[in-house]
Number of protein chains: 2
Amino acid sequence: MQPSLASGDPTPRARVQDEIRRDIIFGKLPAGTRITESSLATKYGISRVPVREALRALEVEGFVESKPFAGSTVSEIPVDDADDLFAVREALEAATARRAARRAAAQFSAGGPDTQWWETRRELAAILDEGDEAVASGQVELLPELNIRFHLGVAELSRSSSLTALLRQIAGKIEWLYASDVDSRGIRSWAEHRGIMAAIDAGNAEAAEQGMAAHVHGSRSGYLSRFKEKDANAM
Amino acid sequence: MQPSLASGDPTPRARVQDEIRRDIIFGKLPAGTRITESSLATKYGISRVPVREALRALEVEGFVESKPFAGSTVSEIPVDDADDLFAVREALEAATARRAARRAAAQFSAGGPDTQWWETRRELAAILDEGDEAVASGQVELLPELNIRFHLGVAELSRSSSLTALLRQIAGKIEWLYASDVDSRGIRSWAEHRGIMAAIDAGNAEAAEQGMAAHVHGSRSGYLSRFKEKDANAM
DNA sequence: CATACAGCGATTGTATTCAATCTCACATTT
DNA sequence: AAATGTGAGATTGAATACAATCGCTGTATG
């Protein structure tokens with residue numbers, strides 16, 4: 001699996017894949033835009049082959065749609081699916097938080113040092129500090145990126161590659177939803193992260209699960225209330 | 001998006017991708033197996049380029065893991081994630097069933113004929129008939145494939161490509177779990193499909209959602225009870 | 001005037017070729 | 001003897017070249 005939190009991409013293919021995804025999420029490539037492989041190849045200074053590989057991956061991720069011999073286009077922003085995506089994310093992240101807490105508890109009871117776990121845990125601490133600093137200095141525009149990294153970090157602590165992969169996809173969609181309309185998430189939402197992290201560190205699976213579920217649920221409510229005038233059918 | 005139910009794959013890349021996935025799910029490629037691009041290329045009589053594209057897609061799908069310049073290996077069967085995967089699937093499919101029912105209701109109230117919807121609906125009817133026939137003739141080995149097609153068909157009725165894509169991935173994992181240990185699913189489980197379909201057709205969103213949730217929940221319980229002796233830690 | 005269709009430019013899909021990197025065995029050193 | 005450095009072979013990553021298909025325009029035809 002590619003390094004999820006710190007993306008030190010060694011190959012052009014991975015780098016281009018991330019670049020295209022970002023361009024889609026942040027609106028540089030609007031929905032419906034036709035994507036030609038040649039243009040991307042020349043734009044990033046590489047050949048078509050790695051571009052094609054990136055497109056195949058992004059197709060599975062749901063950001064582009066391709067038809068054989070007809071080319072690729074940017075997918076529609078899943079705004080109609082927002083409510084359901086949040087619901088799935090709630091179930092998903094409740095599971096990752098619970099598992100992360102379980103694993104933290106196991107960390108003190110027995111077994112080796114598990115350097116990988118501590119590495120991720122340390123990274124999460126840095127993310128929390130960075131986010132607090134961003135809040136203190138008023139740079140709320142940094143929060144969305146940090147928010148994703150925090151949640152993916154918790155998923156990584158859960159040591160479930162399946163759940164982490166699923167969250168990565170849903171998180172991408174959620175980010176897409178936010179970025180298309182609003183530039184930053186709430187500050188209060190960020191503050192809840194500390195509590196979740198504390199529950200995980202304490203090995204309290206129930207508290208971690210419920211804390212994460214409430215956190216995501218609140219995020220969902222915030223999102224829906226913000227856009228309720230646009231989507232009257234949502235709920 | 002690729003044709004999900006009837007997979008008429010025009011390009012070798014898509015065909016090989018499906019073939020590799022099947023080989024992984026049904027154990028021909030055990031977990032941890034090292035995959036070299038050349039071997040797959042010669043095996044399927046194509047060059048390495050489409051094989052690489054297939055591998056990039058399967059990597060996102062979670063069936064293989066790759067490290068730059070080091071090659072790809074078959075991922076571990078997500079047996080530890082089974083419980084959580086079922087939980088996520090329950091939330092996911094409850095949403096697709098509810099949306100499918102909503103869309104069915106809208107079908108009669110207003111709007112054009114929506115041939116695409118009816119096409120999928122007709123395909124679902126055929127799947128149900130096929131499954132019943134398989135049950136009647138004792139060919140339970142056909143049920144897993146039909147089961148996936150039914151659930152993906154409902155997702156397609158929901159007209160949410162995001163949810164459908166997510167379900168496709170989770171369904172792949174679930175199938176992987178089943179195929180690795182047990183050859184067929186229960187007959188009773190199949191019989192529940194008719195009720196869900198009826199709720200969708202009636203446009204009864206609540207009944208569809210709850211029926212699907214109960215169906216998936218029962219499937220989860222059945223799976224866990226069957227393997228509870230192997231995984232004592234799974235709840 | 002609407003319509004079918006043939007040709008052509010553009011684009012995608014694949015094959016081939018070359019460059020970059022990793023793995024692993026083996027020799028060397030402490 | 002254990003650890004470390006080194007080089008050959010194998011494998012992946014990417015670039016280029018070629019084949020197959022699509023979409024569109026322009027024309028001929030009823």
Side-chain angles (χ1 to χ4, degrees), chain A residues 1-4 6-21 23-24 29-75 115-116, chain B residues 1-4 6-21 23-24 29-75:
Chain A
M1 185 180 59
Q2 66 267 30
S4 49
S7 60
D9 300 324
T11 72
R13 192 267 308 167
R15 188 170 46 81
V16 167
Q17 186 174 328
D18 289 346
E19 276 294 323
I20 299 174
R21 193 192 299 108
D23 285 348
I24 292 177
L29 292 174
T33 304
R34 177 172 170 76
I35 299 179
T36 60
E37 300 168 358
S38 318
S39 64
L40 292 176
T42 58
K43 175 177 179 180
Y44 294 108
I46 59 179
S47 81
R48 279 179 48 219
V49 173
V51 169
R52 284 179 60 84
E53 294 183 28
L55 286 177
R56 288 297 90 75
L58 290 170
E59 188 180 356
V60 178
E61 293 184 28
F63 287 104
V64 306
E65 299 179 15
S66 303
K67 280 200 312 181
F69 292 102
S72 305
T73 58
V74 178
S75 299
T115 57
Q116 184 68 33
Chain B
M1 184 180 58
Q2 67 267 31
S4 49
S7 59
D9 300 324
T11 71
R13 192 268 308 168
R15 188 169 46 82
V16 166
Q17 185 174 327
D18 289 346
E19 276 294 323
I20 299 174
R21 192 192 300 107
D23 286 347
I24 292 176
L29 291 174
T33 303
R34 178 173 170 74
I35 299 178
T36 61
E37 300 169 358
S38 318
S39 64
L40 291 176
T42 58
K43 176 178 179 181
Y44 294 107
I46 59 178
S47 82
R48 278 179 48 218
V49 173
V51 170
R52 284 178 61 84
E53 294 184 24
L55 287 177
R56 288 298 91 74
L58 290 171
E59 188 180 356
V60 178
E61 292 184 27
F63 288 103
V64 306
E65 299 179 14
S66 302
K67 281 201 312 181
F69 293 101
S72 304
T73 58
V74 178
S75 300

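Residue numbers start from 1 in every chain, and the chains themselves are labelled A, B, ... in the order their sequence lines are given, proteins ahead of strands. Here the structure is a predicted model, which means the values were calculated and not measured.
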### Message
Tell me every residue that passes side chain to side chain donor-acceptor pair (under 3.5 Å) with A:E37, counting only those two or more places apart in sequence or in another chain.
### Response
A:R48, A:R52

### Task
Please work out if A:L55 contacts a base, only the sugar-phosphate, or nothing of the nucleic acid, heavy-atom cut-off 4.0 Å.
nothing

### Message
I need the A:I20 CD1 to A:L55 CG distance, nearest 0.5 Å.
### Response
5.0 Å

### Task
Take atom CZ of A:R15 and atom P of D:dG13, then tell me their distance rounded to the nearest Å.
15 Å

### Task
Rounded off to whole Å, could you give me the CZ-to-C1' distance for the A:R13 and D:dA15 pair?
17 Å

### Task
Could you check B:A70 against B:V49 and say which one's nearest nucleotide on DNA chain D is further toward the 5' end?
B:A70

### Task
Only counting residues at least two apart or in another chain, list the ones meeting side chain to side chain contact (heavy atoms under 4.5 Å, CB included) with B:T42.
none

### Query
Rounded to the nearest Å, what distance is computed from the OH atom of residue B:Y44 to the P atom of nucleotide C:dA15?
15 Å

### Message
In this structure, how many angstroms lie between the C1' atom of D:dT21 and the CZ atom of A:F69, rounded?
### Response
5 Å

### Message
Nearest whole Å is fine: how far is C:dA20 C1' from B:E37 CD?
### Response
14 Å

### Task
Round to a whole Å and report the spacing from CZ of A:R52 to P of C:dT12.
8 Å

### Query
Could you give the CD-to-P distance, from A:E53 to D:dA15, as a whole number of Å?
11 Å

### Message
With a 4.0 Å cutoff (strictly under), does any side-chain N or O of B:S47 reach OP1 or OP2 of C:dT14?
### Response
no

### Query
Would you call A:R21 and A:D18 a salt bridge, using N to O less than 4.0 angstrom?
yes

### Atom-pair distance (CZ on B:R48; C1' on D:dA10), nearest Å
11 Å

